Asker: 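First, the structure itself, so that you have it in front of you.
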2 protein chains.
Amino acid sequence: MEHESGQPPVRNISPVKETAGAALRRKQQVSMADVAKLAGVSSQTVSRVSNGSPDVIESTRRQVIAAMNELGYRPNSAARALKRGSFRTIGVITFSLSSLGNMRTLEAIALHAARQDFAITLIPVTAPTQAGIQGAFSRMGELAVDAVIAIMEVHLLDAATVTLPPGVKVVVVDSDAGEEYSVVDTDQADGARKAVRHLLDLGHETVWHVAGPEESFASERRAAAWRTTLADAGRAVPPVLRGDWSADSGYEAGLRLADEPGCTAVFAANDHMALGLLRAFREKGKAVPEDISLVGFDDVPEASSYAPPLTTVHQNFADVGNQCVDNVLQQIRTNTTKPGITLVPTQLVVRHSTAPPKH
Amino acid sequence: MEHESGQPPVRNISPVKETAGAALRRKQQVSMADVAKLAGVSSQTVSRVSNGSPDVIESTRRQVIAAMNELGYRPNSAARALKRGSFRTIGVITFSLSSLGNMRTLEAIALHAARQDFAITLIPVTAPTQAGIQGAFSRMGELAVDAVIAIMEVHLLDAATVTLPPGVKVVVVDSDAGEEYSVVDTDQADGARKAVRHLLDLGHETVWHVAGPEESFASERRAAAWRTTLADAGRAVPPVLRGDWSADSGYEAGLRLADEPGCTAVFAANDHMALGLLRAFREKGKAVPEDISLVGFDDVPEASSYAPPLTTVHQNFADVGNQCVDNVLQQIRTNTTKPGITLVPTQLVVRHSTAPPKH
DNA sequence: TTTGTGTATGTTTGCGCAAACATGATTGGT
DNA sequence: ACCAATCATGTTTGCGCAAACATACACAAA
């Protein structure tokens, strides 16, 4: 857009600014009344059109819609919410978005909620403390969300201390609070079982495990399933190594594992740690899968490009998110709570990091 | 729900609806009036306490707070927003959360906004079309957010077609709309320049480039900077290979590059593609960095565990997010728009994927 | 004492919307 | 032709909060 000199550049930016100035307070400057006046009807009729009431004759409806378009009318959701008591909003409380799984889940939640015309309000919990979570829930209460989905890996959701406004529904991802809340989660145990069985079926005598942090339910469930799968097969259960999900922690575990003489198969609790293990094995001169087989968990998009491409357990984060939304929406609709756990299945994806043991 | 006879049938049609409706409506059951009654003051005084007005005597304040606690009072943000015209909410429009950078940026935005007591409303754009973005902005208008941050890599933000309610401020991440909007972005050009200069300084004759998709501004900026850096140094500019950010696309590019005789140095537009390149080179028997040096972009946490650990350009997503929030909040406070581009610097992180050429 | 000044609190009002109720117009049946 | 039933539309009201204004009371200065 060219400008001759003499035009104050600010005009360029927003000639609307004066109006906008006054509009800061009531940014929604066009109200139903304005539309009503222009259309020559009552504001209630505008409301009816706005809500798709069938009791409006076609000609009137068209007039109103024309007036709406002309004025650029947008219903004010604050007023709407005040009147109806519902924001059509789901609050999502999450601790650390940086984990891939949480992000994916969040994305699915946002997408699925949008499909049902619900918005997402995001409240991050800075510190995984009771106080932090408490505060988040408290904020949610103020925000008058209709429901809350908590995405947390930590044990911190203590029912006794969480007080939501009555009528607000909760779904929790990854927790063992199934007795009191709706819980949706990946079927961690089955995924871990598949990973271990795969290695056992390949002929490995036993399987070592690099677990995630103890505070994580996901980690604990995977570790427990690994243990019982080995036990059920009558195999020895080696000591657990523990990482913090990061590739670096996997690397450290790998350094130790590489020196473990009998170790021919490892199940890492996630792909990133598996990547670290791969690096450690490489540096220690252990070939994967020839010397050591390795299975990860998550199936990150890059797993197929690892060296070698990683056999791993695929998690369906999109499904988890969708289930959360469906669950919470159903609770809203029926005004019931629905404790219980919904498990989303996993798939074992076999690539090139696993093979039968050499000897 | 059972009904004895005698109930008019209309009650029957939606017994659930009534309860659900009622519950939603009174979800925020405790109002200022209730607190006021219990505390023996007027509701206005409750409002004053609630907003921290200094004009309330200490004893009164304590009474009111006691009453609030007893009743579990939470201010109703719908009413508050209706009255004040502000939700203390920032809308974030994002296309595809699955990219690491977007996620990180979003996380920083959410965290930083929370610090200033703003909530985040998330609207995902399903399809990167004008209509999709239009719809998202339109929804934002209805949601009466105070400002919007658009996180998009695509050229789709066409000023002409985006109409926000006046008074709503916009900040855009990764776009060239700096003339009309506030734009905050990583300093892509400088980052790319650093990557190329690093390789040139190592003694490489020229640097090949695996770019991201054409629709991405980030990709185009990195490619342009790569080109001019080479040109400025008087080097030949090899043809660009193009991927789609994924490791798989990097792999394909790597397969071709490995057969390119004079290719001793490659700059990949992101780390995931670099990972794919690494795999391709490995399969083709090209050693990194002995035969080919490789630099990525992003510095994903796993980059240090790649084989070999990847030299890459670190992006400061947290800073980008923080700048976005600061920017938008300032616009809200001063009620001005503030076109212009804010660039967040990058850092070159040298690991083991680069070395002087063998010649 | 009176008057003034400030300070703590109460009262009124309206934000924009939609439920509830009221009205007026149009039908159809007899 | 009349009344009733239906339908389209208008009017009133209040959601919960906080700005604006009103009041009442305390204390200082005259």
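Quick note on labels: first sequence line is chain A, next is B, and so on, each numbered from 1. These numbers come from a predicted model, not from an experiment. Side-chain atoms are counted along with the backbone in the values below, which use heavy atoms only and exclude waters and symmetry mates.
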Asker: Side-chain donor-acceptor pair under 3.5 Å between A:Asn327 and A:Gln331, yes or no?
Answerer: yes
Asker: Please check: side-chain N/O of B:Asp146 versus main-chain N/O of B:Arg88, any donor-acceptor pairing under 3.5 Å?
Answerer: yes
Asker: Reckon A:Ser47 touches a base, only the sugar-phosphate, or nothing at all at heavy-atom distances under 4.0 Å?
Answerer: base
Asker: Measure from CD on A:Glu58 to P on D:dA8 and round the result to the nearest Å.
Answerer: 11 Å
Asker: With the side chain of A:Arg84 defined as its heavy atoms from C-beta on, choose the nearest nucleotide among C:dA18, C:dT9, C:dG16.
Answerer: C:dA18
Asker: Would the base of D:dG10 count as contacting A:Arg48 through its side chain, where contact means a donor and an acceptor less than 3.5 Å apart?
Answerer: yes
Asker: If you check every side-chain atom of B:Ser31, which of D:dC17, C:dC17, C:dG10 has the closest atom?
Answerer: D:dC17
Asker: Nearest whole Å is fine: how far is C:dA18 C1' from A:Asn76 CG?
Answerer: 13 Å
Asker: Starting from C1' on C:dG16, measure out to CG on A:Asn51 and report it in whole angstrom.
Answerer: 12 Å
Asker: Pick base, sugar-phosphate or nothing for B:Val46, based on heavy-atom distances below 4.0 Å to the nucleic acid.
Answerer: nothing
Asker: Figure out the CE/C1' separation between B:Met68 and D:dG16, and round it to whole Å.
Answerer: 13 Å
Asker: Tell me what B:Thr60 touches on the nucleic acid: a base, only sugar-phosphate, or nothing, going by heavy atoms under 4.0 Å.
Answerer: sugar-phosphate
Asker: CE of B:Met32 versus C1' of D:dA19: gap in Å, rounded?
Answerer: 12 Å
Asker: Picking from C:dC17, D:dG10, D:dC17, which would you name as closest to the side chain of A:Ser42?
Answerer: D:dG10
Asker: What's B:Leu82 touching, base or sugar-phosphate or nothing? Going by heavy atoms closer than 4.0 Å.
Answerer: base
Asker: Nearest whole angstrom, please: distance from the P of C:dT11 to the CD of B:Gln44.
Answerer: 11 Å
Asker: Could you state the CG-C1' distance from B:Asp34 to D:dC17, rounded to the nearest angstrom?
Answerer: 13 Å
Asker: Just compare D:dA18, C:dG10, C:dC17 and give me whichever is closest to any side-chain atom of B:Thr45.
Answerer: C:dG10
Asker: B:Lys37 NZ to D:dG16 P: how many Å, rounded?
Answerer: 13 Å
Asker: Ignoring hydrogens, what is the shortest heavy-atom contact between A:Ser53 and A:Arg61? Give both atom names and the distance.
Answerer: O-NH2, 3.1 Å
Asker: Where is the tightest heavy-atom contact between A:Ala81 and B:Ala78, given as atom of each residue plus distance?
Answerer: CB-CB, 3.8 Å
Asker: For A:Ser42 and A:Thr45, which I'm curious about, is there any donor-acceptor pair between the side chains at under 3.5 Å?
Answerer: yes
